[in-house]
J.: 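Structure in structure tokens, see below.
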Amino acid sequence: MPLRPCWVEVRIQALEDNLRFLAQLATPHAELLAVVKADAYGHGLTICAPAGVRAGVRWLGVTSVEEGVAARAVCADAFILIMSGVSFGQGAALLQNNLTAAVWEPWHCDELEDAARAIGASPRTVPVHLEIETGMSRQGADAGHLSQLLSRFHAESPLKLDGIMTHLFAADEANGMVTHDQLARLAATLEQVKAAGLHAEWLNVGNSAALLSGQAAAIGEMAARHEMRALLRPGLALYGLAPRFDPDFDHDKPATLVEACKRLKPALSWKTKVVSVRSIPAGAAIGYNGTFVATEPMRLALIAAGYADGLDRKLGNHFSLLVRGQRAPLVGRVSMDQAVIDVTEISDVAVGDEVVILGSQGNEMITAFDHAEAAGTIPWDVFTRIGSRVARIAV
Ligand SMILES: *Cc1c(COP(=O)(O)O)cnc(C)c1O
């Protein structure tokens, strides 16, 4: 059956090109983990995870065991990192699907050890990445609990310390002081790991901003000093958007960022169609509560996308979409399943015309940054709120 006309197109070639470019940026300092959490930032996990693997990525990052199971179904051989940790009772499923958890709570270790013993796992066969708190106060073991956690990786434990992980939370800030401080804390942790007689293979650090601001070399060197390999975790950049940096970066933009802005290609377009067209006289109200009242005769087009599809309500009366290569303002409130655009100035708009919500048409383009600005949010949020009922189509 043909679908309701509200869909997302994901350009596989753009995804693969972005990943190859980012891998090149990281080389020779670090390898990449492709972040495909939240249904690959709304782009569709089943489309994006295999594309990542085809582009040469060995690691995928998801948020939960359930997302990990979905990733495993389409990527049999990838290393899959559960970045937000395991939940109670999920240890067995994690082991069954050969997933690698980030751990930082003693009970994370209990959960995995119990599940491992239940299946008679040998010592040091369940790889985990120990997350270190380096300043974000979100997840990770703080200095006071580190030795207790390190003691969990004794010779008889089924757990194997495969990675040391942290998250750089301000790599987009111009002066770099926060990141510098975080990396110093991380370096101190690595000394403690060594002093405890332990060794991890992976130093798992940093997001798109860290990679694009040129941190790969510093992280790679830190890893090399401990005979580890650096792993960087870009998300947004692999979907083709360079995070916007602190404006002060403009004076002295890192070469990696300048290059990335040129090379990265947005992979996602979000489209709908005109499903009905009408003319209204001056004085007619449009949409819930008549927040828009026509002051002269108008021609309106109804589209099959509303806030349940992820089209933010804040965009009503404040944003334009593309039809016939021109900008058509959203008039009145966005409804749950539909919205109305003003096509008075655009000739011959008819039922079946394609409408671009995000992406390009003719010479016009609407980016996730445009949506984010209009809705008072960030592109990550724009992408991940595209509704689950919107079909994702690989093109
Ligand atoms: C989401 C996430 C990333 C990716 O961040 P981007 O800014 O999209 O590159 C990296 N690491 C962790 C732990 C994350 O949760």
Side-chain angles (χ1 to χ4, degrees), residues 15 18-19 21-23 25-26 30-43 45 48-49 52 57 59-68 71 79-86 99-104 108 128-141 163-173 178-179 182-183 186 202-216 219 230-246 249 254 256-257 260-261 264 266-268 367-369 372 377-386:
L15 274 179
N18 291 339
L19 260 166
F21 165 71
L22 295 169
L25 269 193
E31 192 166 327
L32 298 187
L33 171 150
V35 177
V36 292
K37 64 188 176 187
D39 199 28
Y41 289 38
H43 291 56
L45 176 75
C48 301
V57 167
W59 279 91
L60 301 171
V62 294
T63 213
S64 61
V65 172
E66 41 284 41
E67 288 185 358
F79 298 121
I80 300 175
L81 182 69
I82 310 302
M83 299 191 299
S84 302
V86 63
L99 308 173
T100 304
V103 298
W104 68 93
H108 291 153
V128 300
H129 286 207
L130 177 61
E131 176 133 19
I132 308 299
E133 153 62 17
T134 55
M136 193 185 189
S137 308
R138 188 172 69 172
Q139 60 181 47
I164 299 290
M165 174 175 177
T166 200
H167 194 51
L168 301 181
F169 68 99
D172 53 351
E173 290 179 5
V178 173
T179 299
Q182 283 195 274
L183 292 178
L186 185 64
W202 297 99
L203 183 61
N204 178 354
V205 180
N207 50 8
S208 298
L211 177 58
L212 299 189
S213 62
Q215 298 289 342
I219 296 165
L231 191 61
L232 265 69
R233 308 184 302 265
L236 193 70
L238 68 96
Y239 304 101
L241 272 78
R244 295 236 164 113
F245 280 63
D246 190 330
F249 253 126
T256 43
L257 179 58
C261 290
L264 295 175
L268 179 146
T367 69
F369 278 106
T377 186
I378 54 177
W380 291 259
D381 185 31
V382 171
F383 283 141
T384 55
R385 275 190 299 130
I386 299 176

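Ligands are counted one by one from 1 in listed order, and the atoms in each one are counted from 1 as well.
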J.: Provide, to 0.1 Å, the distance between atom 9 (O) of ligand 1 and the closest protein heavy atom, together with that atom's residue and name.
T.: Ser208 OG, 2.5 Å
J.: For atom 10 (C) of ligand 1, what is the nearest protein heavy atom, given as residue, atom name and distance?
T.: Arg233 O, 3.3 Å
J.: Tell me, do Pro266 and Thr367 make a side-chain contact under 4.5 Å, heavy atoms counted?
T.: no
J.: Distance under 4.0 Å to a non-hydrogen atom of Tyr41: what atoms of ligand 1 satisfy this?
T.: 1 (C), 4 (C), 5 (O), 6 (P), 8 (O)
J.: Looking at Glu133, Glu131, His167, which hits side-chain hydrogen bond (donor to acceptor under 3.5 Å, both in side chains) with Gln139?
T.: Glu131
J.: With a 4.5 Å limit on heavy-atom distance, are the side chains of Phe169 and Val178 in contact?
T.: yes
J.: Checking the N or O distance criterion of under 3.5 Å, is ligand 1 in contact with Leu236?
T.: yes
J.: Which pair of heavy atoms, one from Gly42 and one from Leu268, lies closest together, and at what distance?
T.: O-CD1, 4.2 Å
J.: Taking distance alone, with N or O pairs closer than 3.5 Å, would you say Gly235 contacts ligand 1?
T.: yes
J.: I need the contact type for Pro234 against ligand 1. Using non-hydrogen atoms and a strict under-4.0 Å cut-off, is it side chain, backbone, both or neither?
T.: backbone
J.: Is there a side-chain contact between Tyr239 and Cys48 in this structure, where contact means two heavy atoms from C-beta onward sitting under 4.5 Å apart?
T.: yes
J.: Look at the rings of Phe383 and His43 and say which category their plane angle falls in: under 30° parallel, 30 to 60° tilted, over 60° perpendicular.
T.: perpendicular
J.: Check each heavy atom of His167 against ligand 1 and say whether those closer than 4.0 Å belong to the side chain, the backbone, both or neither.
T.: side chain
J.: Once you measure the plane-to-plane angle for Trp59 and His129, does it fall in the parallel (<30°), tilted (30-60°) or perpendicular (>60°) bin?
T.: tilted
J.: Would you mind running through ligand 1 and noting each atom that sits below 4.0 Å from a heavy atom of Lys37?
T.: 1 (C), 2 (C), 3 (C), 14 (C), 15 (O)
J.: Which atoms of ligand 1 have any heavy atom of Trp380 under 4.0 Å away?
T.: 6 (P), 7 (O), 8 (O)
J.: With a cutoff of 4.0 Å, is Ala209 in contact with ligand 1, counting heavy atoms of the residue only?
T.: no
